[in-house]
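Proteins get letters first, then strands, A, B, ... in listed order; numbering begins at 1 in each. For the numbers below, each heavy atom of this structure counts, side chains included, while hydrogens, waters and symmetry mates do not.
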2 protein chains.
Amino acid sequence: MRPRRADAARNYDQLVAAAAEAFAREGAEASLEEIARRAGVGSATLHRHFPSRQALLTAVFHDRVEALCRQARESAGSAEPGTALTGWLRSVGASVAGTRGLASSLVPGTDNACHLMMAEAGDVLLTRARRAGAVRAEVSIGDLLTLVVAISMTVEHRPGADGSEAERLLGLAIDGIRQLRQG
Amino acid sequence: MRPRRADAARNYDQLVAAAAEAFAREGAEASLEEIARRAGVGSATLHRHFPSRQALLTAVFHDRVEALCRQARESAGSAEPGTALTGWLRSVGASVAGTRGLASSLVPGTDNACHLMMAEAGDVLLTRARRAGAVRAEVSIGDLLTLVVAISMTVEHRPGADGSEAERLLGLAIDGIRQLRQG
DNA sequence: ACCTGAACACCGTTCAAGT
DNA sequence: ACCTGAACACCGTTCAAGT
């Protein structure tokens with residue numbers, strides 16, 4: 001929650017800005033102390049506004065995640081059910097692979113707004129694809145997001161990896177969720 | 001390298017034993033300082049024997065990884081090429097999902113004996129499966145191990161996850177590497 | 001209400017001094 | 001050769017004191 005009082009609101013914004021920069025530069029494990037320092041704020045102030053690292057990640061990536069959810073709703077109206085889902089997953093994968101820290105903002109949790117938004121938006125595409133017989137019945141939206149996050153986070157933590165590797169691996173995993181022809 | 005001198009060899013063994021226990025209890029990020037303490041050894045002694053966390057992980061899981069590699073060689077002689085590969089990957093996934101820290105011992109690296117052993121053993125199965133037309137041509141053994149490690153590590157880091165979730169997700173990913181029928 | 005700096009309890013790594 | 005304990009430079013979190 002962004003505070004109402006002017007000085008507190010300013011600190012909040014500066015913390016989010018400093019965190020965005022730090023996550024982009026050093027990944028989701030960037031030092032909270034240094035984020036506070038760069039925001040020109042005491043470390044206790046950071047902890048009051050953001051009681052956990054997750055809360056800070058959520059604040060930083062909220063808009064980005066919202067854009068991905070909007071994209072899901074748009075493609076639900078236009079594209080064919082199966083390709084709408086897989087296309088969206090690939091798009092999410094590309095975003096996550098190209099944005100350090102974004103994957104960490106999506107880890108499951110009932111108090112994680114980013115994850116909840118994505119699960120809700122993605123579930124619409126999944127349900128539609130399932131009705132069309134385009135995906136296996138036993139796959140949940142949680143499974144799909146976990147695969148995207150797992151692959152992106154792992155590749156992200158590797159020193160010499162570019163995003164293209166994550167996208168290729170994700171492509172393989174996505175094919176696995178498609179309805180297999182019998183035989 | 002296990003030292004030759006008696007006192008150093010004893011310290012080495014106690015460090016590996018303490019690390020095995022710590023990794024099992026707290027995962028691959030267990031405190032190195034506490035491992036040294038439990039081994040009854042100064043922290044500097046740990047760092048000389050194992051200059052990186054990775055080196056300690058490798059030492060702890062070397063035998064386990066060797067067993068998985070032996071399993072690969074055995075199934076290469078007996079089973080049908082496609083199922084030999086996917087069966088082995090599932091078996092690796094089950095081991096990794098049921099053994100905290102094991103996934104971390106498998107991250108790629110030219111100096112990581114565990115990863116090198118697995119890549120070599122797995123490549124035999126993969127090449128055989130590819131010749132039989134059972135898997136897509138563009139998939140590498142690195143891809144397959146990365147998928148297994150990515151899924152297992154991610155699920156492992158989640159508070160409320162049991163190994164069965166990792167195995168189910170891995171099943172999906174493995175299906176993705178199978179040769180798709182055209183159309 | 002909100003902030004700050006200091007205090008606390010931890011890390012991993014390195015190094016001088018010992019045997 | 002090998003070990004130890006202390007020192008160093010960091011963490012994240014909390015709390016008394018300030019405005």
- Message: Rounding to an integer number of Å, can you tell me how far Met1(B) CE sits from dC2(D) P?
- Response: 14 Å
- Task: Nearest whole angstrom, please: distance from the C1' of dC10(D) to the CD1 of Ile35(A).
- Result: 15 Å
- Item | d(CD, Glu29(A); P, dC11(C)) in whole Å | 18 Å
- Is any side-chain N or O of Ser31(A) closer than 4.0 Å to OP1 or OP2 of dG12(D)? yes
- Task: Mind telling me whether Tyr12(B) and His49(B) have parallel, tilted or perpendicular rings, with 30° and 60° as the class edges?
- Result: perpendicular
- Task: Considering just the side-chain nitrogens and oxygens of Asn11(B), establish if one lies under 4.0 Å of OP1 or OP2 belonging to dC3(D).
- Result: yes
- Message: Contact between Asp7(A) and Arg10(A) at the side-chain level, heavy atoms closer than 4.5 Å - yes or no?
- Response: yes
- Can you see which heavy atom on Ala9(A) is nearest to which on Pro3(A), and at what distance? CB-O, 3.5 Å
- Message: Taking the minimum atom-to-atom distance to the side chain of Ala8(A), which one of dC2(C), dC11(C), dC2(D) wins?
- Response: dC2(C)
- Message: Could you walk me through whether Thr146(B) and Arg158(A) satisfy the side-chain contact (heavy atoms from CB on, under 4.5 Å) test, starting with their C-alpha distance in whole Å, then the side-chain angles of each, then the deciding distance to 0.1 Å, before giving a yes or no?
- Response: CA-CA 11 Å; Thr146(B) 297; Arg158(A) 306 240 251 247; 2.6 Å; yes
- Between dC3(C) atom C1' and Asp13(A) atom CG, what is the distance in whole Å? 16 Å
- Item | Residue pair Leu169(B) / Leu147(A), side-chain heavy-atom distance below 4.5 Å | yes
- So which nucleotide does dA1(C) pair with, by the Watson-Crick or G-U wobble rule with both distances under 3.5 Å? dT19(D)
- Distance, rounded to the nearest Å, where Glu33(B) contributes CD and dC10(D) contributes P: 17 Å
- Item | Protein-nucleotide distance (Leu32(A), atom CG; dC11(C), atom P), rounded to Å | 17 Å
- Task: Step by step, work out the side-chain contact (heavy atoms from CB on, under 4.5 Å) result for Leu32(B) and Leu56(B).
- Result: CA-CA 10 Å; Leu32(B) 297 181; Leu56(B) 192 50; 4.0 Å; yes
- Item | Contact list for DNA chain D against residues 41-52 of chain B - heavy-atom distance below 4.0 Å | Val41(B), Gly42(B), Ser43(B), Ala44(B), Thr45(B), Arg48(B), His49(B)
- Across all strands shown, which nucleotide pairs with dC11(D) by Watson-Crick or G-U wobble geometry, both distances under 3.5 Å? none
- Item | Separation of dT4(D) C1' from Leu15(B) CG (nearest whole Å) | 13 Å
- Step by step, would you call Glu66(B) with Arg70(B) a salt bridge (Lys or Arg N to Asp or Glu O under 4.0 Å)? CA-CA 6 Å; Glu66(B) 207 163 44; Arg70(B) 189 166 40 245; 5.1 Å; no
- Query: For Arg37(A) and dC11(D), what is the distance between atoms CZ and P respectively, to the nearest whole Å?
  - Reply: 6 Å
